[in-house]
Each structure stands twice: as C-alpha cells, then as structure tokens.
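Below is one structure, written out as structure tokens; the observations come after it.
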Amino acid sequence: MDEQKFVNISALQHFAFCQRQCALIHLEQVWQENYLTAHGRQLHERVDNGEPETRKGVRFERGVVVSAPQLGLTGKLDLLEHHKASNQFIPVEYKRGKPKTNDIDQVQLCAQALCIEEMLNVEVKQGALWYWQTRKRIEIEFDQSLRAQTHALITQVQKLFKLGKTPSPTTGKHCKACSLIDICQPNLTEHDGSNRYIAELFNMEAE
C-alpha cells in the first residue's frame, strides 16, 4: 500500500469522535487547538520525549514510530514496554481525561498492538491505558472481539480516505469539545442557504 494512503492511528480516534472532524484533519490537513487538545499534546510530548531505560527486566521505549503496510496503518506509540523474561511487548497509551463510555481508547490501543505484531512478527496479548485525570492504569486484553472491532474501524476510515470527500456536518454535544468548531461551523453550514440562493439567481437570469 502506498504510504501516502496509510491511515494514521490517531485517525481512528478522530473518526469515532466525528467523521467530519477526521476528514478535516487527515484529508484537508486542517488543525486548530483548544485547551483540551493543547493539554493532551503537552502530556504526550512529556511522555514521548523521555529517554529509553531498563528497570527490573523491563525495557521502556518512548515515542516509538510504527508502520504496518499490510494493515495500512502508521503512527507513534507513547510507550512500548518489553518484558524480557516473557518476551512480551505491551503498548501503553496516555490519555488526558478519564475512561470513556465507548471502546475507542481500547480500539486505538489494539491498533497499536496490530502494528507491533506485523512489524516484529510477535503476538501482543495486552496493553495498558493510563488516564491523567484519574491517575490510573487500566490493563486491556486484546481478545478476538476487540481485534474484530479494530479491523472494522480501520476499514471504515480507509473507505473515507479512499472516497476523499469530507462528510457534511452533524451538530451534537461533541461539537462543544471540538477544537475545529470555528472552522467546521456546523450550525452555519446546516442552515446555509447559499445553494438555494445560487439556484434561484440562475433561474432569474434564465427568465
């Protein structure tokens, strides 16, 4: 697969939050920060910039770049633990908030595991999510159900990228937390009468 068509792992999170946001960021290359995204970026930078180290038989590698051509995925892991005694690789993803009511964080983590499996030809059985707001680490098992859910979302995002078209806006509670709301302007776009105005204008000229 052409590297330009690779789906960034972060796109899975964006797609689950809002398909239009995903297209704006990854197809149109639009980005704008708010407090939430800035705080999340600072957290990831602090984690990613740490030096590699080994403690008690565990190797900690930060800011690990992964690329999986067969999956069509690429991205960067916050932290990858290698437990040498068991030869187990455990991806760890850091989040600024608290656990979500849906499974998207687990899916994003599972996508990281799938990349590691393809790159290193190993089985990654589990990973971990660490939430800044609760200061808790949650262990996640990559069972068949989660793997199937992850593959399905990857396929959906790839279809969006192949289509190359930004979806129309849909307003909802999620808009309040979106840093792109001023660019997206869902309320204005939903009630935009410009198309009708142009059609009426051409009809008037034709008469």
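Note that this is a predicted model, so its numbers are computed, not measured. What's counted below: heavy atoms across the whole structure, side chains too, no hydrogens, waters or symmetry copies.
- Looking at Val157 and Leu12, their side chains come closer than 4.5 Å, going by heavy atoms from C-beta outward.
- Ring geometry for His26 versus His14: interplanar angle of 30 to 60°, hence tilted.
- For Glu61 (side chain) and Leu80 (main-chain N/O), no donor-acceptor pair under 3.5 Å exists by modelled atom type.
- Nearest heavy atom pair, residue Ile90 against residue Ala128, reads CG2-N, 4.3 Å.
- In this structure, the side chain of Arg20 engages the main chain of Pro167 through a donor-acceptor pair within 3.5 Å.
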> Do Trp130 and Leu79 pass the side chain to side chain contact (heavy atoms under 4.5 Å, CB included) test, and can you show the C-alpha distance, the side-chain angles, and the key distance before you say yes or no?
Replying inline: CA-CA 11 Å; Trp130 190 92; Leu79 177 66; over 6 Å; no

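- Taking the side chain as every heavy atom from C-beta outward, Gln13 and Asp105 approach each other to under 4.5 Å.
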>> For a side chain to side chain contact (heavy atoms under 4.5 Å, CB included) check, start with the C-alpha distance between Leu153 and Ile104, then their side-chain angles and the critical distance, and finish with the verdict.
In response: CA-CA 10 Å; Leu153 184 58; Ile104 184 55; 3.7 Å; yes

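- Side chain of Gln70 to backbone of Glu118: no donor-acceptor contact under 3.5 angstrom is found.
- Lys136 pairs by the side chain to side chain donor-acceptor pair (under 3.5 Å) definition with nothing, not counting sequence neighbours.
- Taking each heavy atom of Phe161 and Ala11 in turn, the nearest pair found is CZ-CB, 4.0 Å.
- Residues satisfying the ring-ring contact (aromatic ring centres under 6.0 Å, His included) criterion with His83, sequence neighbours excluded, are absent altogether.
- A 4.5 Å side-chain heavy-atom check between Thr166 and Gln19 finds every atom pair outside the cut-off.
- Counting only heavy atoms from C-beta outward, the side chains of Leu146 and Leu109 never approach each other to under 4.5 Å.
- A donor atom on one side chain and an acceptor atom on the other are found under 3.5 Å apart for Asn8 and Ser10.
- Nearest heavy-atom pair, Ile154 versus Leu71, reported as atom, atom and distance to 0.1 Å: CG2-O, 4.1 Å.
- The shortest non-hydrogen separation linking Phe6 to Ser67 is CE2-OG, 3.3 Å.
- Partners of Leu163 according to the side-chain contact (heavy atoms from CB on, under 4.5 Å) rule, which considers only residues two or more places apart in sequence or in another chain, are Lys165.
- Side chains of Val64 and Gln112 form no contact here, defined as non-hydrogen atoms less than 4.5 Å apart.
- Using modelled atom types, one side-chain atom of Arg147 and one backbone atom of Phe142 make a donor-acceptor pair closer than 3.5 Å.
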>> Applying side chain to side chain contact (heavy atoms under 4.5 Å, CB included) to Lys125 and Glu141, what does each step give before you reach the verdict?
In response: CA-CA 6 Å; Lys125 298 179 180 179; Glu141 180 184 354; over 6 Å; no

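- Across all their heavy atoms, Gln126 and Glu139 have their closest contact at NE2-OE1, 3.8 Å.
- For the pair Thr74 (side chain) and Val66 (backbone), a donor-acceptor distance under 3.5 Å is present.
- Within 6.0 Å of CG in Asn121 there are 12 or fewer heavy atoms belonging to other residues, nucleotides or ligands.
- A donor-acceptor pair is defined here as one N or O able to donate and one able to accept, closer than 3.5 Å; no such pair exists between the side chain of Gln106 and the backbone of Leu129.
- Tyr94 and Phe17 fall into different hydrophobic clusters, where Ile, Leu, Val, Met, Phe, Trp and Tyr side chains are chained together by heavy-atom contacts under 4.5 Å.
- Considering CD1 of Ile116 and CG of Leu77, their distance stands at 5.0 Å, rounded to 0.5 Å.
- Across all their heavy atoms, Cys115 and Leu73 have their closest contact at SG-CB, 3.7 Å.
- Judged by distance alone, with hydrogens and angles left aside, the side-chain atoms of Glu93 form no donor-acceptor pair with the main-chain N or O of Gln108 at under 3.5 Å.
- Rounding to the nearest 0.5 angstrom, the gap separating the CG atom in Leu120 from the NE2 atom in His82 is 9.0 Å.
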